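The block underneath contains the structure these notes are about, expressed in structure tokens.
Starting from 1, each residue takes its place in the sequence as its number. Just so you know, these numbers come straight off a predicted model, no measurement behind them.
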Amino acid sequence: MAAWSETDLGHMRAALAEAKIAAEADEVPVGAVVVTAGDIIAHGHNRSETDNDPSAHAEIVALREAARKTGNYRLTDSTLYVTLEPCAMCVGAMVQARIARLVFGAYDPKAGAAGSAIDLSDSPSFNHRFEINGGVLADECGAVLKRFFESRRSA
């Protein structure tokens with residue numbers, strides 16, 4: 001296990017709070033926050049079921065809010081914290097947003113696009129690269145997902 005900064009841990013805990021909001025709404029419990037200059041400027045959690053929107057993943061929701069708040073879709077000095085390794089769609093959105101850094105919790109070996117199933121972050125086709133740090137509070141982030149899916153199977 002890596003030694004994470006208190007800042008990273010605190011921001012991931014904020015993303016976990018968003019994941020818990022998603023679970024309460026019967027959404028897959030993934031949460032995200034966007035941080036600029038040390039401050040959380042946007043929150044998001046999965047809303048695909050609620051909004052009937054296949055693109056309403058936590059990362060996209062948070063990036064949209066951050067873009068609205070800053071008046072710019074390019075978030076070049078921002079870090080995105082998310083409780084689950086992003087999918088291909090979300091990595092693409094991060095490239096478009098020009099984020100500086102991605103920090104995620106649990107790895108997603110089936111659909112993770114930041115190094116697990118595929119690594120789109122290093123694609124020569126993309127014109128932007130960003131730093132990636134995975135595994136922050138991975139056990140806690142994974143447990144939220146595990147509990148959610150176990151409850152769905154037993155219902």
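Rounding to the nearest 0.5 Å gives a distance of 10.5 Å between CG of L120 and CE of M94. Rounded to the nearest 0.5 Å, atoms CZ (R98) and CG (N72) are 10.5 Å apart. Atom CG of N133 sits about 9.5 Å away from atom OG of S5, to the nearest 0.5 Å. Between the NE2 atom in H57 and the CE atom in M89 there is a gap of 3.5 Å [rounded to 0.5 Å]. The OG atom of S125 sits 10.0 Å away from atom CG of N127, with the distance rounded to the nearest 0.5 Å.
When every heavy atom of E65 is checked against every heavy atom of A42, the shortest pair comes out as OE2-CA, 3.4 Å. Pairing each heavy atom of G105 with each of C141, the nearest pair is CA-SG, 3.9 Å. Heavy-atom minimum distance, A67 versus Y73: CB-CA, 3.7 Å. For the pair A58 and N46, the tightest heavy-atom approach, listed with the atom from each and the gap, is N-OD1, 2.8 Å. Closest of all the heavy-atom pairs between S78 and T36 is OG-OG1, 2.6 Å. Minimum heavy-atom separation, V91 to A113: CG2-O, 3.6 Å.
By the rule that hydrophobic residues join a cluster once side-chain heavy atoms approach within less than 4.5 Å of another member, V136 and Y81 end up as members of one cluster. Residue V35 is not grouped with residue L84 when hydrophobic side chains (ILVMFWY) are merged at heavy-atom distances under 4.5 angstrom, including chains of intermediate members. Linking ILVMFWY side-chain heavy atoms closer than 4.5 Å, directly or via other members, places L145 and L16 in two distinct hydrophobic clusters. In the hydrophobic cluster analysis, where Ile, Leu, Val, Met, Phe, Trp and Tyr join through side-chain heavy atoms closer than 4.5 angstrom, F104 is grouped together with V95. Transitive grouping of hydrophobic side chains (ILVMFWY, heavy atoms separated by less than 4.5 Å) brings I40 and V103 into a common cluster.
Side-chain contact of R13 with T83: a donor-acceptor pair under 3.5 Å is absent, judged by distance alone. If you check the side chains of D53 and S55, you find a donor sitting under 3.5 Å from an acceptor. Residues S48 and E27 bring no donor and acceptor atom of their side chains to less than 3.5 Å of each other.
In this structure, H128 contributes its side chain and I99 its backbone to a donor-acceptor pair below 3.5 Å. Using modelled atom types, one side-chain atom of Y107 and one backbone atom of G134 make a donor-acceptor pair closer than 3.5 Å. The closest donor-acceptor contact from the side chain of E85 to the backbone of G115 lies under 3.5 Å. With hydrogens and angles ignored, the 3.5 Å screen pairs no side-chain donor or acceptor of E59 with any backbone N or O of C90. A distance-only check finds a donor-acceptor pair linking the side chain of D119 to the backbone of S121 [under 3.5 Å].
Proximity of L102 to E131: side-chain heavy atoms (C-beta onward) are nowhere separated by under 4.5 Å. Within the 4.5 Å cutoff, side-chain heavy atoms of L75 are placed close to those of L63. Residues V34 and T79 have side chains not in contact (no heavy-atom distance under 4.5 Å, counting atoms from C-beta outward). In this structure the side chain of V82 reaches within 4.5 angstrom of the side chain of V30, judged on heavy atoms.
The number of heavy atoms from other shown groups lying within 6.0 Å of CG (D139) does not exceed 12. Crowding of K69 atom NZ: a count of heavy atoms from other residues, nucleotides or ligands under 6.0 Å exceeding 12.
At a threshold of 4.0 Å, the pair R47-D26 does not count as salt-bridged, since none of the basic side-chain nitrogens sits closer than that to a carboxylate oxygen.
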